[in-house]
Amino acid sequence: MSLFLWWILYYGIFKLQVIVQKEEIHEYLVSKKTHHTTQIKKKVKSTTTSKIITQLYNLMEDEELYKNPLLSRLDLATRLETSEGYLSQIINQEINKSVIQFVNEYRIETAKKLLHDSVFNKYSIEAIGMEAGFKSKSAFYNAFNASLKMSPGAYRKLQKTS
C-alpha cells in the first residue's frame, strides 16, 4: 500500500513539475515575443480557397492557434467561417496534407526552435512539447519522429553538438 501511495505521489509531482516548466517556457516566450516569419508559408493559388488558406496561415502565425492542445478541425472551421469538410478538402487540395498534419507542422517547428535554443536546456522535453501545443508526450514523440525520423531527445543532443 505504501509503495502504491509513493508511486501516486511521485507521478503527481512529476506531472506538476512538467506543467510548471511549461508555464515558465510560455511566460518566457510571451515576454520575449518577437514578430517572426514561419518557414512553413507557401504560395497559394488565387482562387476562392486562397482566401481561406491565407486566413488559416494568419491564424496559425499571428494567433498561434496550434499551441492550443485542444484545437480541433471544428475550431479552425468556425474561426474561418466555413465547414469542417470544406476546410479539410481545401487543405488536402492546396497543401497536400491533412488538418492534423498541417497543425503538427507548426507545433514541430516551434518545438525544434525551443529544443535548439540553449535557454530551454533546463526544461524537460515533455514541457517543450506541451508548450508547442501537443496534448501528450506520446503525441509529441510520435509526430516529431514521423516528421524528422528522430526523437526530440536525439534532436536536442544533435543541436548541442553542432
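Across all non-hydrogen atoms, the minimal contact from P152 to I125 is CB-CG2, 3.5 Å. The shortest heavy-atom contact between N104 and A143 is ND2-CB, 4.0 Å. The minimum heavy-atom distance linking V99 with S88 is given by the pair CG2-OG, 3.7 Å. Between S98 and Q101, the shortest heavy-atom contact is N-OE1, 2.8 Å. Residue F144 comes nearest to M150 through the heavy atom pair CD2-O, 3.3 Å, listed as atom of the first residue, atom of the second, then distance. Nearest heavy atom pair, residue N68 against residue R107, reads O-NH2, 3.0 Å.
Looking only at side-chain heavy atoms (C-beta outward), T110 and E64 stay at 4.5 Å or farther from each other.
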Worksheet item: Which is it for E81 and Q55 under the side chain to side chain contact (heavy atoms under 4.5 Å, CB included) test, yes or no, and what are the steps along the way?
Response: CA-CA 10 Å; E81 299 175 349; Q55 290 173 336; over 6 Å; no
Discussion item. Walk me through whether M60 and F102 qualify under side chain to side chain contact (heavy atoms under 4.5 Å, CB included).
Written reply: CA-CA 10 Å; M60 290 298 178; F102 176 77; 3.8 Å; yes
Worksheet entry | Residue pair E61, Y106: steps toward the side chain to side chain contact (heavy atoms under 4.5 Å, CB included) verdict | CA-CA 9 Å; E61 292 164 12; Y106 278 93; 3.0 Å; yes
Item to complete: Show your working on side chain to side chain contact (heavy atoms under 4.5 Å, CB included) between E105 and I95 and close with a plain yes or no.
Response: CA-CA 12 Å; E105 265 188 15; I95 305 172; 5.9 Å; no
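Atom CD1 of I128 sits about 4.5 Å away from atom CG of L115, to the nearest 0.5 Å. Here CD1 of I25 is found 7.0 Å from OG of S124. Values are rounded to the nearest 0.5 Å. Distance check, rounded to the nearest 0.5 Å: CD1 of I53 to CD of Q93 gives 9.5 Å. To the nearest 0.5 angstrom, K113 atom NZ is 13.0 Å from I108 atom CD1. One distance of note links CG of N121 with NE2 of H116; it measures 10.5 Å at 0.5 Å rounding. Distance check: E94 CD to L56 CG gives 11.5 Å after rounding to the nearest 0.5 Å.
Scanning for ring-ring contact (aromatic ring centres under 6.0 Å, His included) contacts around F134 gives F140, with sequence neighbours left out. Under the rule for a salt bridge (charged side-chain N to carboxylate O under 4.0 Å, His left out), R156 has no partner lying at least two apart in sequence or in another chain. Residues passing the ring-ring contact (aromatic ring centres under 6.0 Å, His included) test with Y123, sequence neighbours excluded: none. In this view, S72 and L74, D75 satisfy the side-chain contact (heavy atoms from CB on, under 4.5 Å) rule, not counting sequence neighbours. Judged as a ring-ring contact (aromatic ring centres under 6.0 Å, His included), and not counting sequence neighbours, Y141 has no contacts. Every residue was checked against the side-chain contact (heavy atoms from CB on, under 4.5 Å) condition with N145, not counting sequence neighbours, and none meets it.
No single ILVMFWY cluster, assembled from side-chain heavy atoms under 4.5 Å apart, contains both Y57 and I100.
With K149 contributing its side chain and A146 its backbone, the two residues share a donor-acceptor pair below 3.5 Å.
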